[in-house]
Amino acid sequence: MTIKTLAAAVALTIIPAMGFAYECNYGKQKQASMSCAEGSVYDAESGTCQPTTG
């Protein structure tokens, strides 16, 4: 196996895996930037806006 063939095999294995990892993280990043109405904050555990107390 030549170095070029080995490099191509590695690239063809790693690139799709990186794309898949990015897609798995996409929803989490989108939720973290969610905005809530005034008087409430975003709760990451429940995925909803919770009223603030105090």
Side-chain angles (χ1 to χ4, degrees):
M1 186 180 279
T2 67
I3 291 178
K4 288 181 183 179
T5 305
L6 182 61
V10 169
L12 290 173
T13 303
I14 291 175
I15 292 172
M18 289 172 47
F20 180 73
Y22 174 77
E23 290 297 321
C24 287
N25 234 358
Y26 179 74
K28 293 177 187 174
Q29 292 171 350
K30 189 175 181 182
Q31 288 176 353
S33 66
M34 181 179 165
S35 61
C36 297
E38 189 174 326
S40 62
V41 294
Y42 181 73
D43 180 23
E45 284 187 21
S46 66
T48 60
C49 292
Q50 300 293 324
T52 56
T53 55

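- Within the 3.5 Å criterion, the main-chain N or O of Cys36 finds no donor-acceptor partner in the side chain of Ser40.
- Looking only at atom types and distance, the side chain of Thr48 has a donor-acceptor partner in the side chain of Gln50 under 3.5 Å away.
- Judged purely by atom type and a 3.5 angstrom limit, Thr52 uses its side chain to pair as donor or acceptor with the backbone of Gly39.
- Applying the side chain to side chain contact (heavy atoms under 4.5 Å, CB included) rule to Ile3 yields no partners; only residues at least two apart in sequence or on another chain are considered.
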